[in-house]
Trainee: 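Before I ask anything, let me first share the structure, which is written out below as structure tokens.
None of the values given here were measured: they were computed from a predicted structure. The figures here come from the full heavy-atom set of this structure, side chains too, leaving out hydrogens, waters and symmetry mates. Residue numbering restarts at 1 for every chain, and letters A, B, ... go by the order of the sequence lines.
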Amino acid sequence: MPVFGCAESLAHPATRLVRPNPLTARAMADNTTLHAAFAGQIHAALDALEAKGVLPAGLPRHAVTLEAPRDPSHGDLATNAAMVLAKGAATNPRALAEALVAELAALPLVAEASIAGPGFINLRLADAAWLGELGAIAALGADYGRSTLGAGTTVNVEYVSANPTGPMHMGHCRGAVVGDALAALLEFAGHKVVREYYVNDAGAQVAVLARSAHVRYREALGQAVGEIPEGLYPGEYLIPVGQALAAEFGDRYAAAPEGEWLGLFQARAVAAMLVMIRDDLALLGIHHDLFSSEAELQARGKPEEAEAWLRAQDLVYDGLLEAPKGKMPEDWEPVALPLFRSTRFGDDQDRPIKKSDGSWTYFGADLAYHYQKAQSADALVDIWGADHAGTVKRIKAAVAAMTARDGAAKPFEVKLVQMVQLLRDGEPVKMSKRSGNFVTLREVVEEVGKDVVRFTMLTRKPEAQMDFDFAHVVEASKDNPVFYLQYAHARICSTLRKGAAEGFAPADGALHRLGAEELELVKLAAQFPRLVESAAVAREPHRVAFFLGDLAAAFHSYWNLGNDRVEKRFIVAQDAELTGARLFLATQIGQVIRNGLALLGVVAVEEM
RNA sequence: GCGCCCGUAGCUCAGUUGGAUAGAGCACGAGCCUUCUAAGCUUGGGGCCGCAGGUUCGAAUCCUGCCGGGCGCGCCA
């Protein structure tokens, strides 16, 4: 991440960056992380070089980075400043690095500053710097890692948005979890977040739902309906809907023409489906702030408004729809339809916003819907299944066009979530849509548990395909990342319990007693605030899961030192001072694990 | 045919948005339990980062073209 890029300046206002020594107890209380503090120090050092005339004033610093080197032997922090700025300073990287090192080495918490390779500057921090971070974790507790990066701007995250025609199934699961974790991550990173669900209650699908409910309604009235007709939803979940309709309306609509009951049954059935969907989502701990109805959007004339404005801009015109590019339908005929000029924004062809019967296409309404969302947010994120990848360009085009209406176009991203293949003992689980025999979210959550489902969905980057094997995700071994992480936390808790039973409490009075191995653990945990920020910027919650895996591994590794060396155990009975410091360390590592798991919506268990 | 995603150890995947000698788990080999949970840890071998060019101080990462896999390509949603 650029030290002085725009994200960084949002997060850490200039006043903080120029503070002479941010690494003080007071700075810690302000939630200044070590990383942010040293970004400021480098800035200050470069200013000093400018003042001395070593560096020309005003060189762009956006490419300057400060990061923890991959190889810990290189030090705690590294910057490429000398390499990046050497050309502009008309000198070579090493000469500039030497000048910069002289400035940085003088800082109180820098133990060592050295030049490496082509001109990297490696900083090794004093132990006190890391021990201070341990104190910061304790002071901030559940807020450790919380960032001001988002600067209070509002991000609307739309996720799930499954058609309200049945229960949630596993096809919806990954997007639901990724969206929900992303929402939590953005909130933690300082954004206001709106969690939104778009209810497609206006299209052909919900008419089919209403007809299906009507069959179940007649069934509830005692009619023999036989097999559910082809093309309708056969699922048994509509039986109670039919019963409720029968109880409410008696036989009034049993033989009535469709026109008399379709709208009514549709509304009743959609409402019932939404109750069911919310219950299903609640099983995963997912709660949206807002359910937006497509039918309502249309009733308020929003698509018409959008069309009128787009026509005025010549972004919608009446034209001939191009033939589909793939396999050609036999009944294809060219028709004139109102088309949005998405080709101007890189799409392959212009896209219809209305059907030939005058009703809105999904896209036509969706365009107006996104404009509606943009009015109350600074940025939009949609989480979609990969099967909708083909429509990304048109909606991005539409949002760019529509939001330009109010000034600059709003940032808008579509995150595609790839398919999950369900396996049972290595064999694909067969799903037949025709019979309505899909694996529901509820079944899976009830079988393996909420935490397992959520964590597993986040153990892969969203755009990579994933297998979900029922046997593997509940396995109690280190092969299973959910378990591995929970086990680390449970170990910490059991250690604290045992310590308490023996009369020891965590204490920060003698943290200097902690050795090199303990500091390694602290250094890793201290990466958490920066990780939160980079994961939020990238909109990638899975990074939190991977970080926690690394932290758990480091913890288990440290723990096992005690196998061979009794003096490295957390509880050293004859040394209360050291035990207090170690238990303090354990407490704070546990805190970071909890904070990370909280972002993922996973409960940290205290014993297993 | 076109668009999007993916291609990294035998397998499953990370890779800090362009940084230093590309990492972890599984599997395979060798070790560690009188213990705060061995449900764990240590250690060894294993790589043309799909291929070929390009951009620059520097590429697994960015650009172009191929190859292979997945998803999609009606006025459906």
Trainee: Using the C1' atom as the reference point in each nucleotide, state the distance between B:G74 and B:U17 in Å, no decimals.
Mentor: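 Result for the C1' pair: 38 Å, nearest Å.
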Trainee: So A:Arg351 and A:Thr361, side-chain contact (heavy atoms from CB on, under 4.5 Å) or not? Walk me through it.
Mentor: CA-CA 10 Å; A:Arg351 305 291 177 174; A:Thr361 61; over 6 Å; no
Trainee: In terms of base orientation, is B:C33 syn or anti, with the syn window spanning 90° either side of 0?
Mentor: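 What B:C33 shows is a syn base, its glycosidic angle lying within 90° of 0.
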Trainee: Using a cut-off of 4.0 Å on non-hydrogen atoms, how would the nucleic acid contact of A:Ala386 be classed: base, sugar-phosphate, or nothing?
Mentor: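 The answer is sugar-phosphate, as A:Ala386 gets under 4.0 Å only of primed atoms, P, OP1 or OP2.
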Trainee: To the nearest angstrom, how far is A:Tyr558 atom OH from B:A38 atom C1'?
Mentor: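 About 18 Å, once rounded to whole Å.
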Trainee: Quick check: A:Tyr362 with A:Tyr369 (ring centres under 6.0 Å apart)?
Mentor: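 Not close enough - the centres of the two rings lie 6.0 Å or further apart.
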Trainee: Taking atom types as they are modelled, would you say the side chain of A:His388 forms a donor-acceptor pair with the base of B:A77 within the 3.5 Å cutoff?
Mentor: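 A donor-acceptor contact between them is present.
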Trainee: Of the options B:C75, B:U37, B:A20, whose atoms approach the side-chain atoms of A:Ala116 most closely?
Mentor: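 Of the options given, the side chain of A:Ala116 lies nearest B:A20.
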Trainee: Starting from C1' on B:C13, measure out to CZ on A:Phe455 and report it in whole angstrom.
Mentor: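 Nearest whole value for this atom pair: 13 Å.
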Trainee: Any donor-acceptor pair, under 3.5 Å, between the side chain of A:Asp348 and the base of B:G3, if you only look at N and O atoms?
Mentor: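 No such pair is found, so the answer is no.
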Trainee: With distance as the sole criterion, do the side chain of A:Asn80 and the base of B:A20 form a donor-acceptor contact below 3.5 Å?
Mentor: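 Under the 3.5 Å cut-off, the side chain and the base do not form any donor-acceptor pair.
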Trainee: In terms of side-chain geometry, is the basic nitrogen of A:Glu567 or A:Arg565 positioned less than 4.0 Å from the acidic oxygen of its partner?
Mentor: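 Between A:Arg565 and A:Glu567 there is a salt bridge, with a charged N closer than 4.0 Å to a carboxylate O.
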Trainee: Stepwise, does the side-chain contact (heavy atoms from CB on, under 4.5 Å) test hold for A:Lys415 with A:Val178?
Mentor: CA-CA 10 Å; A:Lys415 303 298 275 188; A:Val178 168; over 6 Å; no
Trainee: Of the nucleotides B:U37, B:G15, B:A38, which one has an atom closest to the side chain of A:Glu607?
Mentor: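 Comparing B:U37, B:G15, B:A38 against the side chain of A:Glu607, the answer is B:U37.
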Trainee: Mind checking A:Arg460 for me? I need base, sugar-phosphate or nothing, with any heavy atom below 4.0 Å counting as a touch.
Mentor: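 If one applies the 4.0 Å heavy-atom cut-off, A:Arg460 turns out to touch the sugar-phosphate alone, with no base involved.
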Trainee: Do A:Met419 and A:Arg174 touch side chain to side chain, with heavy atoms closer than 4.5 Å?
Mentor: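 Side-chain contact under 4.5 Å: no.
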Trainee: Under 4.0 angstrom, heavy atoms only, what part of the nucleic acid is A:Thr391 near: base, sugar-phosphate, or nothing?
Mentor: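 Base, at least one base atom sits under 4.0 Å.
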Trainee: I want to verify a distance call: between B:U37, B:G15, B:U16, whose nearest atom is closest to the A:Arg530 side chain?
Mentor: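 Nucleotide nearest to A:Arg530's side chain: B:U16.
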Trainee: Can a donor-acceptor pair be found between the side chains of A:His472 and A:Asp467 at a distance below 3.5 Å?
Mentor: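 Per modelled atom types, A:His472 and A:Asp467 side chains form no pair under 3.5 Å.
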Trainee: Answer with base, sugar-phosphate or nothing: what part of the nucleic acid does A:Asn200 contact at a heavy-atom distance below 4.0 Å?
Mentor: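 It contacts sugar-phosphate atoms only.
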Trainee: Could you state the atom-to-atom distance from OH of A:Tyr233 to C1' of B:C76 in whole Å?
Mentor: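 Distance, rounded to whole Å: 11 Å.
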Trainee: With under 30° as parallel and over 60° as perpendicular, where do the rings of A:Phe468 and A:Phe470 fit, or are they tilted in between?
Mentor: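 Answer is perpendicular, since the angle exceeds 60°.
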Trainee: Are B:A20 and A:Phe120 stacked, with the base six-membered ring and the side-chain ring centres under 5.5 Å apart and planes under 30°?
Mentor: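 Here the ring of A:Phe120 and the base of B:A20 are stacked, with centres under 5.5 Å and planes under 30°.
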Trainee: Given B:U17, B:G40, B:G19, which nucleotide is nearest the side-chain atoms of A:Tyr487?
Mentor: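 Looking only at side-chain atoms, A:Tyr487 lies closest to B:G40.
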Trainee: Determine the contact category for A:Ala204: base if any of its heavy atoms lies under 4.0 Å from a base atom, sugar-phosphate if only primed atoms, P, OP1 or OP2 are that close, otherwise nothing.
Mentor: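 A:Ala204: backbone/sugar contact only, no base atoms under 4.0 Å.
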Trainee: Would the distance check show the side chain of A:Ser292 and the main-chain N or O of A:Tyr198 forming a donor-acceptor pair, the cut-off being under 3.5 Å?
Mentor: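 No, A:Ser292 side chain to A:Tyr198 backbone: no donor-acceptor pair under 3.5 Å.
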Trainee: In whole angstrom, what separates A:Asp550's CG from B:A24's C1'?
Mentor: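 That distance rounds to 8 Å.
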Trainee: According to a cutoff of under 5.5 Å between the ring centres and under 30° between the ring planes, does A:Phe483 stack with the base of B:A39?
Mentor: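 The base of B:A39 is stacked with A:Phe483 (centres under 5.5 Å, planes under 30°).
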Trainee: Would one find a side-chain N or O of A:Lys393 under 4.0 angstrom from OP1 or OP2 of B:G72?
Mentor: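 No, no such contact exists.
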Trainee: For B:C75 and A:Lys355 - does any side-chain N or O of the residue sit under 4.0 Å from the phosphate oxygens OP1/OP2?
Mentor: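 No, outside the criterion.
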Trainee: Do we see a donor-acceptor contact under 3.5 Å between the side chains of A:Asp350 and A:Thr343?
Mentor: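 Yes, A:Thr343 and A:Asp350 have a side-chain donor paired with an acceptor closer than 3.5 Å.
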Trainee: Below 30° counts as parallel, above 60° as perpendicular, anything between as tilted: where do the rings of A:Trp384 and A:His388 land?
Mentor: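 Plane angle over 60°, so perpendicular.
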Trainee: Side chain of A:Thr361, heavy atoms from C-beta onward: which of B:A38, B:A20, B:C76 has the nearest atom to it?
Mentor: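 For A:Thr361, the side-chain atoms sit closest to B:C76.
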Trainee: It should be established whether A:Trp559 places a side-chain nitrogen or oxygen under 4.0 Å from OP1 or OP2 of nucleotide B:A38.
Mentor: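 Indeed, a polar side-chain atom of A:Trp559 lies that close.
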Trainee: What's the closest nucleotide to the side chain of A:Leu337 if the choices are B:G40, B:A14, B:C75?
Mentor: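 Nearest listed nucleotide: B:C75.
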Trainee: Is B:G74 syn or anti, taking syn as a glycosidic angle within 90° of 0?
Mentor: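 Chi for B:G74 falls in the syn range.
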Trainee: A:Glu294 or A:Leu416: which one's nearest nucleotide on RNA chain B is closer to the 5' end?
Mentor: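 Mapping each residue to its closest nucleotide by heavy atoms, the 5'-most match is A:Leu416.
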Trainee: Students often get this wrong, so: under 4.0 angstrom with heavy atoms, is A:Ala535 touching a base, only sugar-phosphate, or nothing?
Mentor: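 Result for A:Ala535 = nothing.
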Trainee: Using atom C1' of each nucleotide, how far apart are B:A27 and B:G65 to the nearest Å?
Mentor: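 Roughly 37 Å separates the two C1' atoms.
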Trainee: Identify which nucleotide among B:A38, B:A14, B:C41 has an atom closest to any side-chain atom of A:Asn560, counting heavy atoms from C-beta outward.
Mentor: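 Per side-chain heavy atoms of A:Asn560, the pick is B:C41.
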Trainee: Quick one, give me the B/S/- string for nucleotides 42-47 of chain B, reading 5' to 3', where B means a protein heavy atom under 4.0 Å from the base and S means that only happens at the primed atoms, P, OP1 or OP2.
Mentor: S-----
Trainee: May I have the step-by-step check of side-chain contact (heavy atoms from CB on, under 4.5 Å) for A:Arg460 and A:Gln465, ending in yes or no?
Mentor: CA-CA 8 Å; A:Arg460 209 127 297 179; A:Gln465 282 126 295; over 6 Å; no
Trainee: In plain terms, say whether A:Arg94 and A:Glu98 are close enough for a salt bridge, that is, a side-chain N and a carboxylate O under 4.0 Å apart.
Mentor: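 Judged by the 4.0 Å cut-off on N to carboxylate O distance, A:Arg94 and A:Glu98 do not form a salt bridge.
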Trainee: Considering only B:C5, B:C76, B:G40, which nucleotide approaches the side chain of A:Arg491 most closely?
Mentor: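 Looking only at heavy atoms from C-beta outward on A:Arg491, the closest nucleotide is B:G40.
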Trainee: Which is more 5' along RNA chain B, the nucleotide nearest A:Asn563 or the one nearest A:Ala68? Just name the residue.
Mentor: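 Nearer the 5' end of the strand: A:Ala68.
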Trainee: What's the NE2-P distance between A:His542 and B:U17, to the nearest Å?
Mentor: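 Between P of B:U17 and NE2 of A:His542: 13 Å.
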Trainee: Assign A:Asn122 to base, sugar-phosphate, or nothing according to its heavy-atom contacts below 4.0 angstrom with the strands shown.
Mentor: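 Base contact.
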Trainee: Whole Å only: how far is the CD atom of A:Glu463 from the P atom of B:C71?
Mentor: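 Taking atom P of B:C71 as the reference, CD of A:Glu463 is at 17 Å.
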Trainee: For the side chain of A:His556, counting heavy atoms from C-beta on, which of B:A20, B:C76, B:C41 is nearest?
Mentor: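 Selected nucleotide: B:C41.
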Trainee: Under 4.0 Å, counting only non-hydrogen atoms across every strand here, what does A:Met419 touch: a base, just sugar-phosphate, or nothing?
Mentor: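 Here A:Met419 touches no strand at all.
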Trainee: Is the distance from OP1 or OP2 of B:C41 to the nearest side-chain N or O of A:Tyr484 less than 4.0 Å?
Mentor: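 Yes, A:Tyr484 has a side-chain N/O under 4.0 Å of OP1/OP2 on B:C41.
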Trainee: Where the side chain of A:Tyr362 is concerned, which of B:C76, B:A77, B:G7 is the nearest nucleotide?
Mentor: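 Of the options given, the side chain of A:Tyr362 lies nearest B:A77.
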Trainee: Students often mix this up, so state it plainly: with edges at 30° and 60°, are the rings of A:Phe291 and A:Tyr197 parallel, tilted or perpendicular?
Mentor: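 The arrangement is parallel - the two ring planes meet at less than 30°.
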Trainee: If you compare all heavy atoms of A:Ala365 against all heavy atoms of A:Trp360, which two are closest, and at what distance to 0.1 Å?
Mentor: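 Closest pair (atom of A:Ala365, atom of A:Trp360, distance): N-CB, 4.3 Å.
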Trainee: For RNA chain B, please output the secondary structure as dot-bracket, reading 5' to 3'. Pairs are Watson-Crick or G-U wobble, both atom distances under 3.5 Å; mark crossing pairs with [ ], other-strand partners with |, unpaired with a dot.
Mentor: (((((((..((((.....[...)))).(((((.......))))).....(((((..]....))))))))))))....
Trainee: Respond yes when some side-chain nitrogen or oxygen of A:His472 is under 4.0 Å from OP1 or OP2 of B:G25, and no when none is.
Mentor: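 For B:G25, OP1/OP2 do not have a side-chain N/O of A:His472 under 4.0 Å.
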Trainee: Where does B:U16 land, syn or anti, once you apply the within-90°-of-0 test for syn?
Mentor: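 Classified anti.
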